[in-house]
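The structure appears right after this line, and notes come after that.
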Amino acid sequence: MNDDFLSKSRQSPRPEFARSLYARLAREAEAKAPVSRTSAAKRLAFALMALGVMFVLTIAVSPAVRAAIDDIIARITVRGTTVIVSAEPPAPTGDGADYSLIWTPISPNDVSTGYSFFARLPTWIPSGYTLQARGALYYASMFDETPFSALFEWKNDAGETIQLHIMKGSCPDGPSHDPTSGCALASYISVGPDSEPQVIMLNGQPAIFYRGVTGLADLTGSVRKWNPSRWKSNRDVTKGASMIWESNGRTFMLAADSTALSQESLLRLAESIP
């Protein structure tokens, strides 16, 4: 997961521009009545920060952007999550830190005692994986008193990782620009056709599964009370798998970077979350 974008000089454009184009894409895809820019931008900003949506972007009026829009070959929308399938998906641009999202370290036990909304740990984990002592609470800024998401991490002896990101908010009736729709978190993700995104059933509810991992949160290195979001990009888009679903006002994102874990294993893990 990475917030980097490429401009016409192949440098990162302003985040405001990226969010503006996503809003435009969403309006065209949903064909719903627009709301205020502040409301739409807020929802899209949270989605971008939480899921690290990546696109190769230039300038909105340039032929390159029109070509990028034309390059979209499919869209899959399940409730608040839209996966855009492109013929040539954007490549990761490297690891980095971003102060648009702040996190603080916390143990899974402390999440359970102090932030029960996010305390949704699975009761089944693939053999060899151990829950790590360091998790994370994410905030929009260090001045916010309430976190909007939590992240848990498991590792095995080979250093392979499973991460579960639990976010506050969902869109039970799908993404909408109607402020009365109840949509609190709209997520937009870009993948390539090799990721083979599909809709699966999870405890009788729809979820999106796709191969590959856009990136994993980096909770290592020097850690203070407040830390910028750090992501480790995954340069092999065929390695690992991801799953996204909603339940009881929460959006869950499960990511595993191991090729040895099957779709059935990840589904079993997800179904064991209370």
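These numbers come from a predicted model, not from an experiment. In this chain, residues are counted from 1 in sequence order.
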Heavy-atom distance under 4.5 Å between the side chains of I244 and T251, does that happen here?
yes
Does the ring of F117 carry R250 above it, NZ/CZ under 6.0 angstrom from centre and within 45° of its axis?
yes
Distance (rounded to the nearest 0.5 Å) between L216 CG and E153 CD:
7.5 Å
Please check: side-chain N/O of T123 versus main-chain N/O of S272, any donor-acceptor pairing under 3.5 Å?
yes
According to a hydrophobic-cluster definition based on side-chain heavy atoms being under 4.5 Å apart (Ile, Leu, Val, Met, Phe, Trp, Tyr only), do V78 and M201 belong together?
no
Kindly compute the distance separating CD1 (I189) from CE (M253), expressed to the nearest 0.5 Å.
5.0 Å
F252 side chain near I273 side chain, heavy-atom distance below 4.5 Å:
yes
How many angstroms lie between OG1 in T104 and NZ in K225, if you round to the nearest 0.5 Å?
7.0 Å
Value for CD1 (I84) from CD1 (I73), rounded to nearest 0.5 Å, stands at 12.0 Å
Please evaluate residues K155 and T161 with respect to the criterion side chain to side chain donor-acceptor pair (under 3.5 Å), reporting the C-alpha separation (whole Å), side-chain torsions for both, the decisive distance (0.1 Å), and the verdict.
CA-CA 5 Å; K155 286 183 177 293; T161 303; 2.7 Å; yes
For a 4.5 angstrom cut-off between non-hydrogen side-chain atoms, does S195 reach V85?
no
Do W245 and P206 make a side-chain contact, defined as non-hydrogen atoms from C-beta onward lying under 4.5 Å apart?
no
Just one of Y139, W103, F143 clears the ring pair (Phe, Tyr, Trp, His ring centres under 6.0 Å) bar with W226, so which one?
Y139
When you compare the side chains of Q263 and R211, does any donor N or O come within less than 3.5 Å of an acceptor on the partner?
no
To the nearest 0.5 Å, what is the distance between CG on D173 and SG on C183?
9.0 Å
Side chains of M243 and L202: does their closest heavy-atom pair fall under 4.5 Å?
yes
Does a side-chain heavy-atom distance below 4.5 Å link F209 with L266?
yes
Stepwise, does the side chain to side chain donor-acceptor pair (under 3.5 Å) test hold for T220 with D218?
CA-CA 6 Å; T220 63; D218 185 357; 2.5 Å; yes
Would you confirm whether the ring centroid of H165 sits within less than 6.0 angstrom of the ring centroid of F152?
no
Could you verify whether a donor N or O on one side chain and an acceptor N or O on the other, from T82 and T77, lie under 3.5 Å apart?
yes
Quick check: is W231 connected to V223 through a chain of hydrophobic side chains (ILVMFWY, heavy atoms under 4.5 Å apart)?
yes
Rounded at 0.5 Å granularity, tell me how far CG in L121 sits from OG in S112.
5.5 Å
For the residue pair Q163 and L151, establish whether any side-chain heavy-atom pair is separated by less than 4.5 Å.
yes
Do we see a donor-acceptor contact under 3.5 Å between the side chains of S107 and N109?
no
